[in-house]
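Proteins come first, then strands; the chains are lettered A, B, ... in the order of their sequence lines, and each starts at number 1.
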Amino acid sequence: MNILHKFHEISNNSNSYIKKIKKEKNKIIIGSLCSFVPEEIINAANAVSYRILPAHHTTLFANLHLQSYSCGYIRSVLEEKISGRLDFLDAVIFPHTCDSIQRLSDIWRMTQSGIHFDILFPAKLNTKSSKEYLIKILLRFKSELEQKFSITISDLNIKKSIFLINNIKNNIKKIYNIREKNPLILKGKDIFAVQKAGTFMDKKEFLSMLLELIAELEEKFLKQKSPKGRKRLIISGNICSISNIYSFIEDLKADIIWDDLCIGSKYFENKIDENQKNIFKAIAEKYFKKSICPAKHLGIRNRGEYLLKIIKKKKIDGVIFLFLKFCDPHSFDYPYLKEMLNKEKIPCLLIETEIFEKNTTRIKTRYQAFLEIINKI
Amino acid sequence: MTENKVEKIKAGRQIKEIMTQYYMEAKNPNSNKKIAWITSGGPVEPLFVMDIIPIYPENHSAMIGALKMGGDLCRKAEEMGYSNDLCSYAKADIACATINGGPIGGLPKPDMLICCNNICGTVLKWYEVQARYFNVPLFIIDTPVCHTSMAKEAKEYVKAQINEYIKFLEIISNKKFDYDKLEEIGLFSFTAQKLWQKILDTTIHSPAPMSAFDAFFHLALIVTLRGKKQVVDYYQKLLNEMNQRIKRKISTVKNETHRLLWDNLPIWHKTRWLSDKFASHNGNFVADTYTAAWCSSLKFIDKTNFLDSMAQAYTKIYLNKGVDQMAQDILKMIDKYRIDGVVMHSNRSCKPYSFGQYDIQKIIQKQKKIPVIILESDMTDERLFSKSQVETRIDAFIEILDTSIL
Ligand code: SF4
Ligand code: SF4
């Protein structure tokens, strides 16, 4: 099987992949709800961190616990759990991000079985005391993990995990860089499959597949000329659940060549300093470097500034904001980000979507109109 | 069934005067006092120590809601790009700031913003918006959620932030912080909260001398001026009046047959309608979780060492704990106030208050075997109120209550 097919295969069948490695490699599987999860510690515990992504099942059971004005993501996660489709998880981590995850954690603890961790990340990531606090709660998490699974997590293993995960991040970035120069080399839906696979795969296996993919892409890159006249877009928001957005855009002679998503660039841009002696301090500092999650505070304009920086650096023609309806942190940031872009005359489009966005023609028309605007500029 | 006398609460007039005076002082262009906008659950006492006037946008938004100005202001915020699903307190405030709208022609401009996220994550984003708009310093007090308990690490973290807060105020006011004064103010704050709890507890009597709708109104002082002697005096007076009412068997409802509990923020634009509606069916809200939240952490305040107890007192508040603990609190209230039925306002604006209500409902029904209804609406945005839907639900609820006493 060609390596891309393999990525698609795994990414489309996350549950069966996980069940298989759980059985074959005897791994502990730890589910998590957002990117604020110290996967280096989890990996060092011989466990696999499985980011629970939105599924596309109707949320019949979850609706008995959560109002219709909760975001589709938390409803989807709960539905998957109640329906037994997450039974392979040995534990779930609820990192404190938004009000919705906070309440989901409670509802889960009260009504569902299984091991449950809350990692109460600080909301502000720019002070000395919040860093000290974070270091302490990371240590607490490590010892809770050790206790719950009767294991020991050595510093050496954490260090090794940091190397491994940094290596993964460097390589994903490499792919982004190749794509940015020639987006036709790897289609959007392919990069999405890679990103998605990265949210739950065994780290070592993921890295070796990445290396294989990069070798292929580098070869292709030398042979294939970069296209002319295509527009360059960036996507910003939360978990992208409509993977066909990429093909829609590509059909319109444009490419999403970069992103501001937590499973995309936000993931690989934040790395841990390998030279820092105190490893927990190093892990904590990763979150303080450039937090670009809207649920966290690092400053009042840092997300906008970050976006503009990428736009300039990558010569972006337009921005698509894509996030789930009822997502407060993203909804609060959108007006100011849009204003900042307007000032710089960068066109942008907002797509607020449900996890079940069936009406794709509605969205398609909006992309078309958006690209017409960009083309006129 | 005996009919009770119904009389208005006299102290009401005075609270209006106090609030008007408070806003007038804050809006006085000749005053050289600094203004801080602060979230409703934020530690206000240090501001009084520094002679800074605290302003509560949430209280202002509640006024906007009560005066039915919320829909228009929210629409304006939506035109600015804010999604219609965001908290209407925040939206009303954000819009109001740009046009000096609302009942008092806009709030006085802040010199600083103090945001404590013990009530929600919304305030963090909302205050970021205002920090950009007014271009003033923003101080955040981050109080990690106590899902089941407050961890040692969180205690140390919040305590460190209280010290940072004081430093921040020293720099901005260019003067030293008077720690003795904090203890004095802290004692007023503590006493006011104690009195507030006593006032709320007068409704243990049947008929109750007041209702939750009265509490929503009289709450204004504990929210905005907690720490001032004036508040202690006012609540002492209100408590005396309540005790008098108990003696004279004066209630807010003629025949208090159904003793009810309200959960979540009021529906400000419909309080009159709701209170009349329930009263016409002999229902009286004798307790509510919202006004009780302002004394929910009393047990953590050390009145002899206010400074050191602030971290816990401000972190372990009602909205910052787990849904299971919230349910336990409600169960206790049901016993304490001898509640016959619960009305939960599923408030589209307030996710941390509303998510979990379905499970709390099940717990109450199972353990107390009393009816619980959920009314979906919004506290400030009158566009989100469907009268016919709410009315049908209330009628069905009353019917169950009526049959249960037959
Ligand atoms: S989509 Fe938004 S509201 Fe939902 S869990 Fe994620 S950050 Fe929270
Ligand atoms: S109503 Fe709820 S979401 Fe809005 S500011 Fe208050 S606590 Fe926060």
Side-chain angles (χ1 to χ4, degrees), chain A residues 63-71 74 94 96-100 102-107 109-111 116 118 120-124 126-130 132-137 139-140 294-297 299-301 304 325-339 350 352, chain B residues 77 80-83 85-87 90 94 115 117 120-122 124-129 131-132 138 140-148 151-154 156-161 163-164 320-327 346 348-359 362-363 374 376:
Chain A
N63 293 353
L64 302 174
H65 297 273
L66 285 162
Q67 280 92 330
S68 57
Y69 51 90
S70 56
C71 77
I74 61 162
F94 293 83
H96 184 76
T97 39
C98 64
D99 293 337
S100 304
Q102 172 188 331
R103 285 303 175 222
L104 179 66
S105 163
D106 288 332
I107 293 170
R109 190 187 59 249
M110 290 161 67
T111 63
H116 182 121
D118 284 305
L120 300 174
F121 273 84
K124 50 179 182 184
N126 58 350
T127 68
K128 196 169 151 259
S129 61
S130 60
E132 276 162 12
Y133 164 70
L134 179 54
I135 296 171
K136 287 184 214 159
I137 60 158
L139 279 160
R140 170 187 274 265
K296 299 287 172 208
H297 177 83
I300 52 174
R301 288 195 183 82
K325 201 166 156 46
F326 305 113
C327 173
D328 291 354
H330 276 285
S331 302
F332 266 112
D333 270 2
Y334 165 71
Y336 105 84
L337 294 175
K338 180 178 155 58
E339 200 188 308
L350 167 67
E352 245 190 320
Chain B
M80 290 162 74
Y82 293 94
S83 153
D85 306 316
L86 290 171
C87 167
I94 291 167
C115 170
N117 62 358
C120 61
T122 282
L124 182 72
K125 300 309 293 174
W126 169 4
Y127 276 56
E128 283 179 356
V129 171
R132 283 189 293 266
L138 163 64
I140 296 162
I141 300 150
D142 180 19
T143 48
V145 192
C146 309
H147 283 288
T148 50
K152 185 176 146 274
E153 296 84 352
E156 292 161 359
Y157 174 38
V158 182
K159 228 172 146 185
Q161 291 176 83
N163 293 332
E164 290 162 16
N320 209 34
K321 47 190 186 184
V323 171
D324 33 2
Q325 290 192 50
M326 291 166 95
S346 166
R348 291 179 69 98
S349 268
C350 191
K351 294 176 172 119
Y353 214 149
S354 304
F355 296 168
Q357 275 178 325
Y358 290 177
D359 285 287
K362 282 173 217 141
I363 294 173
I374 295 193
E376 190 166 311

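- When atom types are taken as modelled, the side chain of A/Gln67 and the backbone of B/Ser354 share a donor-acceptor pair closer than 3.5 angstrom.
- Note that CG of A/Leu66 is 11.5 Å distant from CD of B/Gln357, once rounded to the nearest 0.5 Å.
- For a residue to count as touching a neighbouring chain, one of its non-hydrogen atoms must lie under 4.5 Å from one of that chain's; by this rule B/Ala327 does not touch chain A.
- In this structure, chain B has heavy atoms under 4.5 Å from both the backbone and the side chain of A/Lys136.
- Using a 4.5 Å cut-off between heavy atoms, B/Glu164 touches chain A through its side chain atoms alone.
- Among residues two or more places apart in sequence or in another chain, the salt bridge (Lys or Arg N to Asp or Glu O under 4.0 Å) test is passed with A/Lys124 by none.
- Of the listed residues (A/Arg301, A/Glu339, A/Lys128, A/Lys338), the greatest number of heavy-atom pairs within a distance under 4.5 Å of chain B belongs to A/Arg301.
- Heavy-atom pairs under 4.5 Å with chain B were tallied for A/Phe94, A/Tyr336, A/Phe121, A/Tyr334; the largest tally goes to A/Tyr336.
- Neither the backbone nor the side chain of A/Leu104 comes within contact range of chain B; no heavy atoms are under 4.5 Å apart.
- Here the side chains of A/Glu132 and B/Glu156 are not in contact, with every heavy-atom distance at 4.5 Å or above.
- Within the 3.5 Å criterion, the main-chain N or O of A/Pro294 finds a donor-acceptor partner in the side chain of B/Lys125.
- For B/Phe355 and A/Tyr69, the gap between ring centers is short of 6.0 Å.
- Ion pair A/Asp328/B/Lys351 flagged as a salt bridge, since at least one NZ, NE, NH1 or NH2 atom sits closer than 4.0 Å to an Asp/Glu carboxylate oxygen.
- In this structure, no portion of B/Ile374 lies under 4.5 Å from any heavy atom of chain A.
- With a threshold of 4.5 angstrom between heavy atoms, B/Asp324 approaches chain A through its backbone and through its side chain.
- If you measure heavy-atom distances from A/Asn126 to chain B, you find no contacts under 4.5 Å at all.
- A/Phe332 places a side-chain heavy atom less than 4.5 Å from the side chain of B/Thr122.
- In this structure, chain B has no heavy atom under 4.5 Å from any part of A/Thr97.
- Checked against salt bridge (Lys or Arg N to Asp or Glu O under 4.0 Å), A/Arg140 has the following partners two or more places apart in sequence or in another chain: A/Glu144, B/Glu153.
- B/Ile140 touches chain A through backbone and side chain together, each having a heavy atom under 4.5 Å away.
- A/His65 places a side-chain heavy atom less than 4.5 Å from the side chain of B/Lys362.
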